Enquirer: 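Here you go, one structure.
Being a predicted model, the structure only gives us computed values, none of them experimental. For the numbers below, each heavy atom of this structure counts, side chains included, while hydrogens, waters and symmetry mates do not. Chain identifiers are assigned alphabetically (A, B, ...) following the order of the sequence lines, protein sequences preceding nucleic acid strands; residue numbering begins at 1 within each chain.
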Number of protein chains: 2
Amino acid sequence: MSRRRVTLADVAKIAGVSPTTASLVLSGRGRELRISQDVEQRVLKAAAESQYRPNIVSVGLRTGTTRTIGFISDTIATSRLAGDMIKGALEAARERGFMLFIGETEGDPELERLLLQAMHDRQVDGIIFASMYTRTIKVPKGLAATPAVLLNALPKQPSPLPSVIPDEIEAGRIAARALLDAGYREGIHLIGAGPARRNVPAGGSVAAVERLIGIREVLAEAGVKPASGHVCVDWQPEYGLAATRALLRNERPKALICFNDRIALGAYQALDDYGLKVPADVSVVSFDDHPIAAWMRPQLTTVALPHYELGRKAVDVLFTEIGRDREDDGEEGEVHRVPMPIRLRESIAPPGA
Amino acid sequence: MSRRRVTLADVAKIAGVSPTTASLVLSGRGRELRISQDVEQRVLKAAAESQYRPNIVSVGLRTGTTRTIGFISDTIATSRLAGDMIKGALEAARERGFMLFIGETEGDPELERLLLQAMHDRQVDGIIFASMYTRTIKVPKGLAATPAVLLNALPKQPSPLPSVIPDEIEAGRIAARALLDAGYREGIHLIGAGPARRNVPAGGSVAAVERLIGIREVLAEAGVKPASGHVCVDWQPEYGLAATRALLRNERPKALICFNDRIALGAYQALDDYGLKVPADVSVVSFDDHPIAAWMRPQLTTVALPHYELGRKAVDVLFTEIGRDREDDGEEGEVHRVPMPIRLRESIAPPGA
DNA sequence: CAGGTTTGCTAAATCGGATTAGCAGTGCGA
DNA sequence: TCGCACTGCTAATCCGATTTAGCAAACCTG
């Protein structure tokens, strides 16, 4: 049934030429090295008819390039979002004929080391080092041995590695603008972080800090102050529920900016408990575009994390790194920000609508 | 900065022996081939001190084994669940020193062919061919060229490939038993499929068919008939909502068996519309253990898809395939069923509680 | 003490390509 | 007719390991 793979030597034999010639023709260097049309055609024909495919392992040994990149992340299973990031990377890689190794560290530095080693042992051409939520990370030693890109992460210490992250500041601006555009000038409350810059949950989440900056900037420009802000220690529904309930005990908000969709889910529940309708009584805008955002009723308007695009972009940046001469010191440690698009759905309405 | 990798030749030189000897010692065949203790120690020391690591690409060329397996699926991004499957496979593979290539076909046969090719070009030791929801698939030609396993999928035509799937029939039994155990004997309605065996959505979903079989079996044993069944064309919240509303127009159900959690989400909304409380007025049990199941209020009792375990099991089975001699014709096309555990939460209460 | 065995190690081939150096054969000018 | 350039192809080496075949020295054994 199964037979040996066709090798270059087989093709050469069929075409009646040396393996050298066959290699030359198939690598497209035939013209340059003066192989005759006749021979070229014979080789091409032999290769096609025998369904020859070069053994990438062999090529890898000789040339040191395996057409493979490593994708290391802290967790892939935590959120569905991660999948889109991998998917974007996967497709961008495939378009260039590259495959992806994936690995998960669970945040364990030892595992991190092992995985990097395993990938280097397999001679990957480059590595994408990803975090599943945007944050600052300690760049592991040995990551710089091959071209590498930080995805959804920024280096804690200055580093020559480029990074690709969502443009969270602009996302904050967009969310705030959505409420301003709807006509809100007061009664805007923040659930998840704020109201002041320093009011962010611990843990180095970039999202909290940057979303808040963008929100505050746009509101300030319009002469608006957030009516209140509520830090959620963990951005889960139950914390959003608790924070919103606390708020509702004292106030009747006009609009909520929830720092992510899970918080918004909790906020919806709290508003429902108090008999308040979204968006008639309270408008809500959020971040992430988690799948539940489209399932919630009314559907949630949210500024989307562009996971798919992040994955693609990381591959693009990695390829420019691979293409770059070692030691050519172009722009180092460049940060690429990927725009976050707003998904306009049903949770914002003009005040008093 | 970066230096060449340490090779076996380097180690041999440091230890003052031939590469052959070094290879023998490091592959553990030193004893067998009568290498002296002294030389063995010298080689081991040299390897350790120089931090030698074998180049897997080279080994791959020589031995044809790359310590790598390919994981091909139709989609990875569709559901968070997929992540757990990959995670399980990843961990099981890592435990054996294997890495995973991943690829996505989007259900496109041409892409499927290309990916398979790309993996063979890279000399993978085996392939896991996965579907993101359990169904029957056409086994692609060329999959059998290396050891392979079907994950979450059954072959449409008889095939020698083993498969690993969740035990959906038993899951159906478990769900039905949960309601019987709570004391229900009537007013049990099915949302998503049923009531008769043939009432399943089109598309070859194994889940619908098998869950229904298990449910009907257990109910029948207890002398209970489902009060009604409602096929949902697509198992999304809006269909669950519509089906449950339709049901509520005519009846007051005691308990619902929803065929998955997204349908249950819709059912919750419909019950809420009619002012019915879960579980006081209506108990609900469901399948999948999608993340939203724990976020819904009250939290949903559901029979979990064991994605993580499925991934692990697939790797286990793949390794026995790899270990098997070609043509030893053991049990062929064996189907491995992974148990689905029930997550008891808040959506079931005794009748009239 | 010749002949056989055992011990302990190494030379060389191999995997499947890429690449460098170079070798015949032809044509052309002087 | 010799020398040189050019054309068109190939031999040989290399990448980094594994593996087979075998060699030299020491050790019996009768």
Enquirer: Using atom types as modelled, flag every donor-acceptor pair under 3.5 Å from a side chain in residues 31-39 of chain A to any protein atom, sequence neighbours excluded.
Expert:
unit_1   : atom_1 : unit_2   : atom_2 : d
Arg31(A) : NH2    : Glu40(A) : OE1    : 2.5
Ser36(A) : OG     : Val39(A) : N      : 3.3
Asp38(A) : OD2    : Arg42(A) : NH1    : 3.0

Enquirer: Could you tell me whether a side-chain N or O of Asp121(A) sits under 3.5 Å from a main-chain N or O of Ile56(B), the two making a donor and an acceptor?
Expert: no
Enquirer: Does the structure place the NZ or CZ of Arg135(B) under 6.0 Å from the centre of the six-membered ring of Tyr133(B), at an angle of no more than 45° from the ring's axis?
Expert: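 Cation-pi check for Arg135(B) and Tyr133(B): passes.
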Enquirer: Using a heavy-atom cut-off of under 4.0 Å over every strand shown, decide if Val57(A) touches base, sugar-phosphate, or nothing.
Expert: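 Here Val57(A) touches no strand at all.
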Enquirer: On DNA chain D, compare the nucleotides closest to Leu24(B) and Ser36(A); which residue's is nearer the 5' end?
Expert: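 On the 5' side of the pair lies Ser36(A).
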Enquirer: Please encode protein proximity along nucleotides 23-28 of chain C as a string of B, S and -, counting only heavy-atom distances under 4.0 Å.
Expert: ------
Enquirer: Using the six-membered ring wherever Trp is involved, compare the ring planes of Phe319(B) and Phe98(B) and label them parallel, tilted or perpendicular (cut-offs 30° and 60°).
Expert: perpendicular
Enquirer: Find out whether Val164(B) and Val149(B) are in side-chain contact, i.e. whether some heavy atom of one side chain is under 4.5 Å from a heavy atom of the other.
Expert: yes
Enquirer: Heavy atoms, side chains only, cut-off 4.5 Å: are Phe71(A) and Phe129(A) in contact?
Expert: no
Enquirer: Could you tell me how far apart Arg29(A) (CZ) and dG8(D) (P) are, to the nearest whole angstrom?
Expert: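 One finds 17 Å between P of dG8(D) and CZ of Arg29(A), rounded.
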Enquirer: NZ of Lys13(A) versus C1' of dG16(C): gap in Å, rounded?
Expert: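 Whole-Å distance recorded here is 14 Å.
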Enquirer: Could you tell me whether the side chain of Lys156(B) reaches within less than 4.5 Å of the side chain of Ile137(B), counting heavy atoms only?
Expert: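 No, side chains not in contact.
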Enquirer: Figure out the CG/P separation between Leu33(B) and dG22(D), and round it to whole Å.
Expert: 15 Å
Enquirer: Flag the pair Arg96(B) / Asp316(B) as yes when at least one side-chain heavy-atom distance between them is below 4.5 Å, and no otherwise.
Expert: yes
Enquirer: What's the CG-C1' distance between Leu26(A) and dT19(C), to the nearest Å?
Expert: 15 Å
Enquirer: Roughly, in whole Å, what's the span from CZ in Arg31(B) to P in dG8(C)?
Expert: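 Checked: the CZ to P distance equals 11 Å.
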Enquirer: Please work out if Val39(A) contacts a base, only the sugar-phosphate, or nothing of the nucleic acid, heavy-atom cut-off 4.0 Å.
Expert: sugar-phosphate
Enquirer: How far does the helix from dC1(C)-dG30(D) to dA30(C)-dT1(D) bend, going by the axes of its first and last five pairs, to the nearest 10°?
Expert: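 One end's axis against the other's: 70°.
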Enquirer: Which residues pass the salt bridge (Lys or Arg N to Asp or Glu O under 4.0 Å) test with Arg122(B), sequence neighbours left out?
Expert: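 For Arg122(B) there are no salt bridge (Lys or Arg N to Asp or Glu O under 4.0 Å) partners, ignoring immediate neighbours.
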Enquirer: Rounded to whole angstrom units, what separation is found between the CD atom of Glu32(A) and the P atom of dA18(C)?
Expert: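 That distance rounds to 14 Å.
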Enquirer: How would you summarise protein contacts on nucleotides 11-17 of chain D per nucleotide, using B for base, S for sugar-phosphate only and - for none, with heavy-atom distances below 4.0 Å?
Expert: BB-BBBB
Enquirer: Please answer whether the main-chain N or O of Gln123(A) pairs with a side-chain N or O of Thr66(A) as donor and acceptor at a distance below 3.5 Å.
Expert: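 Judged by distance alone, yes, a pair lies under 3.5 Å.
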Enquirer: Indicate every side-chain donor-acceptor pair of residues 23-30 of chain A with a distance under 3.5 Å to a residue at least two apart or in another chain.
Expert:
unit_1   : atom_1 : unit_2   : atom_2 : d
Ser27(A) : OG     : Ser23(A) : O      : 2.9
Ser27(A) : OG     : Leu24(A) : O      : 3.1

